[in-house]
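Notes for the one structure printed next.
These numbers were taken from a predicted model, which means no experiment stands behind them. Remember, it's 1-based here, ligands and their atoms both numbered in the order they're listed. For the numbers below, each heavy atom of this structure counts, side chains included, while hydrogens, waters and symmetry mates do not.
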Amino acid sequence: MQTSKVKMATQTLTLIMLLLLSTTFHLSTAQNKVKGAYYFPESEFPVTSIKATLFTHLFCAFAALNSTTNKISISSSCSSFTSTIRQSNPSIITLLSIGGGSSNPSTFSSMASQSSSRTSFINSCISTARNNGYYGIDIDWEYPASTTDMKNFCTLITECRAAITKEAQSSGKTPLLLTSAVSATPTLNSPSYPVSCINTNMDFVNIMAYDFDAPSYTPQVTSAHAALYNPSGGVSGSSGITAWTTAGLQASKIVLGLPFYGYAWQLQNPANHGLGAPANGVATATGVGIDTDGSITFIDIKSFNSNSGATTVYNSTYVVNYCYSGNTWIGYDDVDAIGAKVSYVKSKALRGYFAWSVGGDYNWTLSQKASTTLG
Ligand SMILES: *[C@@H]1O[C@H](CO)[C@@H](O)[C@H](O)[C@H]1NC(C)=O
Ligand SMILES: *[C@@H]1O[C@H](CO)[C@@H](O)[C@H](O)[C@H]1NC(C)=O
Ligand SMILES: *[C@@H]1O[C@H](CO)[C@@H](O)[C@H](O)[C@H]1NC(C)=O
């Protein structure tokens with residue numbers, strides 16, 4: 001009797017201590033700031049070159065979803081990502097990103113619509129993440145497009161959270177993180193995201209606060225594609241964050257996207273080179289790294305500026321840097337825009353920021369500025 005009472009008391013005490021410990025742990029992980037970035041193997045930037053100490057979270061992009069099996073597959077760069085990056089920052093949290101902007105949204109739509117395919121997907125995500133040393137799963141379905149898709153997205157993440165909890169209990173490991181990259185406002189490309197379902201099931205979401213404009217969009221005028229503020233009323237980073245929080249997303253679940261790239265327009269008249277100047281689509285300058293859609297990485301913008309002697313301007317009304325030389329005009333985020341955006345993240349007590357993508361930085365200037373500003 002005596003022994004079993006003592007045993008019971010010990011067990012109760014252990015249980016209480018475990019509960020306290022897990023609560024404390026949960027709180028402390030919930031408060032971890034996010035200094036994140038996506039790594040994109042196609043950028044041909046070696047993983048070993050990443051200055052990992054500037055980040056807390058790195059996302060390897062992207063694992064592909066197979067429409068027949070509803071399982072995911074990863075590239076060799078993503079399979080060795082965690083072990084490689086942990087050599088330079090042993091505490092970095094890596095997440096495996098699935099899908100992305102160039103994946104087929106109908107594959108996600110179809111997978112999420114059936115219980116059996118959701119289960120295959122979720123089991124494959126968890127086992128692939130664990131087998132390759134990841135600490136989390138980042139679902140980048142771009143984008144759920146109908147109310148049915150949004151309802152199924154909620155079911156998917158609810159089941160995914162339950163499976164993650166169950167796996168952690170049986171493996172004794174810390175539960176995998178569950179995150180998602182979502183549009184700049186809850187309704188930008190679609191009917192509204194299921195915001196309270198996201199609050200309940202996601203650790204945080206990456207708000208893609210960029211690509212609001214591009215050289216092919218009409219009217220063809222120079223523009224801040226990732227403006228933090230837009231006095232003329234169009235969507236901006238701050239209007240997106242406000243829309244998400246108004247819809248009920250907790251500030252502590254919001255991670256703001258920072259583009260490590262800009263867009264290059266061709267000016268109609270080189271003498272008219274402000275924001276909103278008439279343009280003729282994508283800049284025609286060759287050999288400087290401008291992609292067919294007009295996008296250009298920060299690293300290429302820096303060489304363009306030094307080679308062409310371009311004039312550079314920071315506009316704090318929109319929070320954008322831009323440069324022009326001849327009839328080439330590029331809108332982008334330099335340290336000024338990055339610093340102002342991360343100060344905004346701090347002032348709104350958001351969870352943190354992420355960059356797309358790490359290979360676009362020049363000599364770690366943007367990553368360094370962001371990290372120092374967040375503190
Ligand atoms: C999807 O999986 C099936 C069955 O394993 C395979 O035959 C097919 O090649 C895969 N598709 C892609 C695009 O990898
Ligand atoms: C930013 O650009 C807009 C549009 O040209 C202009 O109205 C505004 O005064 C500029 N802001 C600053 C701080 O220069
Ligand atoms: C890169 O940054 C380091 C330190 O921030 C600086 O000392 C170095 O000169 C920079 N290199 C180039 C090529 O700008």
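The hydrophobic cluster containing Tyr217 does not contain Tyr263, counting ILVMFWY residues as joined when their side-chain heavy atoms lie under 4.5 angstrom apart, directly or transitively. Cluster annotation: Phe298 is connected to Val288 through the hydrophobic network of ILVMFWY side chains, with a link wherever side-chain heavy atoms come within less than 4.5 Å. Both Val335 and Leu256 belong to a single network of hydrophobic side chains, linked directly or stepwise wherever heavy atoms of I, L, V, M, F, W or Y lie under 4.5 Å apart.
Among residues two or more places apart in sequence or in another chain, the ring pair (Phe, Tyr, Trp, His ring centres under 6.0 Å) test is passed with Phe59 by Tyr38.
If you look at His225 and Tyr322, their ring centroids are not closer than 6.0 Å.
Atoms of ligand 3 found under 4.0 Å from any heavy atom of Tyr362 (numbered from 1 in listed order, with element): 12 (C), 13 (C), 14 (O). Near Thr69, meaning under 4.0 Å from any of its heavy atoms, are these atoms of ligand 1: 2 (O), 4 (C), 5 (O).
Classification of Arg130 and Glu167 as a salt-bridged pair holds, one side-chain N sitting under 4.0 Å from a carboxylate O. Between Asp203 and Arg161, at least one side-chain nitrogen of the basic residue sits less than 4.0 Å from a carboxylate oxygen of the acidic one, meeting the salt-bridge criterion.
Residue Thr68 places no N or O, backbone or side chain, under 3.5 Å from any N or O of ligand 1.
Listed by chain and number, Leu275, Asn315, Ser316, Thr317, Tyr318 each place a non-hydrogen atom less than 4.0 angstrom from ligand 2.
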